[in-house]
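All remarks here apply to the structure that follows.
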Protein chains: 4
Amino acid sequence: MAVRTHGGTGMPAVTSAESAESSVPRRLLAVATRLFAEKGFDRTSVQEIVAAADVTKGAMYHYFDSKDDLLTEIYARVLRLQMSRLTEIARQEGPVAERVERAAADVVVSTIDNLDDATISFRSLHQLRPEKQREVRDERRRYHELFRSLVVEGQNQGVFTDRVPADIVVDFYFGSVHHLSTWYHPDGALSPREIGAYYARLLLDALRPAPAHR
Amino acid sequence: MAVRTHGGTGMPAVTSAESAESSVPRRLLAVATRLFAEKGFDRTSVQEIVAAADVTKGAMYHYFDSKDDLLTEIYARVLRLQMSRLTEIARQEGPVAERVERAAADVVVSTIDNLDDATISFRSLHQLRPEKQREVRDERRRYHELFRSLVVEGQNQGVFTDRVPADIVVDFYFGSVHHLSTWYHPDGALSPREIGAYYARLLLDALRPAPAHR
Amino acid sequence: MAVRTHGGTGMPAVTSAESAESSVPRRLLAVATRLFAEKGFDRTSVQEIVAAADVTKGAMYHYFDSKDDLLTEIYARVLRLQMSRLTEIARQEGPVAERVERAAADVVVSTIDNLDDATISFRSLHQLRPEKQREVRDERRRYHELFRSLVVEGQNQGVFTDRVPADIVVDFYFGSVHHLSTWYHPDGALSPREIGAYYARLLLDALRPAPAHR
Amino acid sequence: MAVRTHGGTGMPAVTSAESAESSVPRRLLAVATRLFAEKGFDRTSVQEIVAAADVTKGAMYHYFDSKDDLLTEIYARVLRLQMSRLTEIARQEGPVAERVERAAADVVVSTIDNLDDATISFRSLHQLRPEKQREVRDERRRYHELFRSLVVEGQNQGVFTDRVPADIVVDFYFGSVHHLSTWYHPDGALSPREIGAYYARLLLDALRPAPAHR
DNA sequence: TATGAATGAGGTTTCATTCAT
DNA sequence: CATGAATGAAACCTCATTCAT
């Protein structure tokens, strides 16, 4: 959509001599991701990006339409990734509770693995053009819908309580997940997988049916 | 600290005729809060703020040191409010589970009541000067600590499980709360109090002890 | 001219309780002199001056017409002082060479004694209003004329050479004197009087007649 | 250092058609020099500079980091020029008295030839950033040292008196030189070379040894 | 494919001064 | 005499983007 490549892979093959390691657009995206997460989109200048990527401004504008376009690409990448993981898990076999637990833990791990993406995506929506914002919101809604459908499935089967509407459960859980980027630190005592397990446990426990509630 | 007034109230008395309703610094803060929430701190110009507050730029800089200072004040206000509400609830009488539930529901309601503040405070931390960021983080930590101490109290009493460390529980819950501003809409079907009740319920249920887990 | 006093002394008597030590206008001038010398006229704000003098802005504008007015007063004070010292020396008895030597040494000492004044007056002329600039230049010319007349007197008597025109001699010497403020430091090895003596010696030696030149 | 050019000459070659005469950065420096000398650094706005140079503000900031940077460049240019001239003269053959006389006269001529530079450099030091100030002072000290070494050489040979320390002699003389810009006017009766000759004569005469002093 | 000079609008902030009280 | 809120013009600087080469 934004990256103008000339093959069909979505990413041009690494050809030029100047980047033994990575293609120019890939380097630009990687650098932009880091800088946007560190300093925020508006505080990061195109100049800084191209300097950090060791690329000229002209080159950047060759591959991307605008600075906004970089942000758009980052959002697209995040959404694509999360959606594909959830889809994969959702269509697996097995009890719905297990699939929900797996999905809940997985999104935590993948969020932590791409913490810069998470930082950006929860903080920069309003910096996209309104039209793009709508697209992102729509895609996010589709994601939530998919997750919600799993919760509803569990509720219908009676393995999950319906004391709390599934909508609320989903927003509740993804709020927690999105906020990982505000407190998670790689030096912490817990590994991403452990955190994922705890988060999933909290969700599953909250959904346990028939509690002799107080 | 930031608002340069010369009485002791923190806000000058309303005296001039031109603002029957509100003092100049108060108007500026109110307008800035709305605009920062709508468009983000960096996208809001001082020009827009003073125009919306019907004040001259000079007047704004008479009361506030800088645009940053406005943001700092907003953070201070939010933290002051949340902390005072939690302190109040924490020191009430009654079973710890009830106090946690009350605190959990209350923070949801007060977050929704000040949704612009919530939007700003979860999105704009990095726009504060590093020193101020640290202060905000410290105050936020004290808040979390207080909440955590309630959870730990319940765990020690055996009314809450300790399957998940109290730290994680707290971060988990406040992630959800902070993210209310990304999806809550006044036109929605649920009232703030209903949402608060659901959120508190999810937390309390997740903390129920002795689950015959799976 | 600028200080609005109500007696006739040029400086109001110290009356108010708030300044046991010095009158308000005097304090303002003293502070302004120090700050103008330290940071330059344009870099010193009225706010800084009144803060350092512990006086309100209103009070300053009560005593002085403007910030420019402070500078004008400083110039007036310097010129008044130097002129009176030179006049005093010029009309003393004794050989002209002695009077020139005395005047030359004296201006060095008095320049060092008021080093801030010297700093300001050699650096800030262009910050006065054109009309005031002319006045200062005129007064300075009168000063130079008086000094020059002594040199010419010596040349006419044959005690000074006239190899170099008296004009040039005077500009030459006062260039040196005015520049004292760029290198003199109170911690230096030489006292003001020693420097004065050396400077006077250099002038007098340069004026010695009948050199078997080279 | 300051001018961002990408060749190695320090000044880009004149290529574009719109400035047949001079490159953009050169024009900016020339205009800034004139304006800083006329009105002072702080009184000259960037707007005035770019208007006079017929350049946009953006273009100026493309070549110079800041307004300060322009001033820094001017200082660098002055110091470079003066130092190279003195070095050249100092290492010539011939009696030391002749070399001193030549250097003394030459600095006068070159100061007058670049009178705007002189005006700026003696008045604007405090407008540089402290770090740059130190650099300028250091370079100026090296210059003085070189001159002083010539004076000392003469004193050691006995062709100059040592009644006055060489330090003082040097500060004395360069005070006079720097102040040329406060009184020299092209319409005056004397040519730069004549003034240079007179100044050098005054210095040399002051240094004549063995005066039957008074 | 890539360069880098140039644009020009808009950003935040400073500050001498006034004036009602 | 003194206050301090308010003014408004002007200051320096940034930056995404374009375009001739």
Side-chain angles (χ1 to χ4, degrees), chain A residues 4 6 12 15-16 18 24 42-50 55-70, chain B residues 4-7 12 15-19 23-25 42-50 55-70, chain C residues 4 6 12 15-16 18 24 42-50 55-70, chain D residues 4-7 12 15-19 23-25 42-50 55-70:
Chain A
R4 286 188 287 255
H6 305 282
T15 52
S16 83
E18 85 207 358
V24 166
D42 285 325
R43 312 282 248 234
T44 305
S45 70
V46 170
Q47 181 51 45
E48 286 173 289
I49 296 169
V50 299
V55 152
T56 64
K57 235 182 265 199
M60 195 215 101
Y61 278 97
H62 178 73
Y63 288 109
F64 295 92
D65 292 330
S66 63
K67 186 184 162 191
D68 277 56
D69 199 20
L70 282 166
Chain B
R4 287 186 289 252
T5 52
H6 305 277
T15 52
S16 85
E18 84 206 2
S19 67
S23 75
V24 165
D42 286 324
R43 311 284 250 233
T44 304
S45 70
V46 170
Q47 181 53 44
E48 286 173 290
I49 296 170
V50 299
V55 151
T56 63
K57 233 180 268 197
M60 194 214 103
Y61 279 97
H62 181 70
Y63 288 106
F64 296 92
D65 292 330
S66 63
K67 188 184 160 190
D68 273 61
D69 199 19
L70 282 167
Chain C
R4 287 187 285 255
H6 305 283
T15 52
S16 83
E18 84 208 358
V24 166
D42 285 324
R43 312 282 249 233
T44 304
S45 70
V46 170
Q47 180 53 42
E48 285 173 289
I49 296 169
V50 299
V55 152
T56 64
K57 237 182 261 199
M60 195 215 101
Y61 278 98
H62 178 73
Y63 288 110
F64 296 91
D65 292 331
S66 64
K67 187 185 161 191
D68 276 58
D69 199 19
L70 282 166
Chain D
R4 289 188 287 253
T5 52
H6 304 278
T15 52
S16 84
E18 83 206 0
S19 67
S23 74
V24 166
D42 285 325
R43 311 284 250 231
T44 304
S45 70
V46 169
Q47 181 52 45
E48 287 172 289
I49 296 169
V50 299
V55 151
T56 63
K57 229 180 272 196
M60 194 214 103
Y61 280 98
H62 181 70
Y63 288 106
F64 297 92
D65 292 329
S66 63
K67 189 185 160 190
D68 274 61
D69 199 18
L70 282 166

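Computed over heavy atoms, backbone and side chain alike; hydrogens, waters and symmetry mates excluded. Here is the naming used below: chain letters follow the sequence lines, and residue numbers restart at 1 for every chain. In this text the structure is predicted, and so the values were computed from the model without any measurement.
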Let me confirm one number: the CG-OH distance from B:Asp69 to B:Tyr61, rounded to the nearest 0.5 Å.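 Output value for this atom pair is 10.0 Å.
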Tell me, please, which residues at least two apart from [X] pass side-chain hydrogen bond (donor to acceptor under 3.5 Å, both in side chains).
X	value
A:Glu48	A:Lys39, A:Ser45
D:Ser66	none
C:Asp68	none

[atom1] of [X] versus [atom2] of [N]: gap in Å, rounded?
X	N	atom1	atom2	value
A:Ile49	F:dC15	CD1	C1'	12 Å
D:Tyr63	E:dG4	OH	C1'	9 Å
D:Phe64	F:dC12	CZ	P	15 Å
B:Arg43	E:dG10	CZ	P	15 Å
B:Glu48	E:dT13	CD	P	15 Å

Among F:dT7, F:dA6, E:dG8, which is the nearest nucleotide to the side chain of D:Thr56? E:dG8
A:Met60 versus A:Lys67, closest heavy-atom pair with distance: CE-N, 4.3 Å
All heavy atoms of D:Val50 vs all of D:Thr56, minimum pair found to be CG1-O, 4.0 Å
Watson-Crick and G-U pairing of DNA chain F, under 3.5 Å, as dot-bracket with | and [ ]: .||||||||||||||||||||
Heavy atoms, side chains only, cut-off 4.5 Å: are A:Val24 and A:His62 in contact?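 When only atoms from C-beta onward are counted, A:His62 and A:Val24 do not touch, as no gap falls below 4.5 Å.
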Give a yes/no on whether any side-chain N or O of D:His62 is located under 4.0 angstrom from OP1 or OP2 of E:dA5.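 For D:His62, the contact criterion (side-chain N or O under 4.0 Å from OP1 or OP2 of E:dA5) is met.
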Assign a letter to each nucleotide of nucleotides 16-21 of chain E from its 5' end: B, base within under 4.0 Å of a protein heavy atom; S, sugar-phosphate only; -, no contact. SBB---
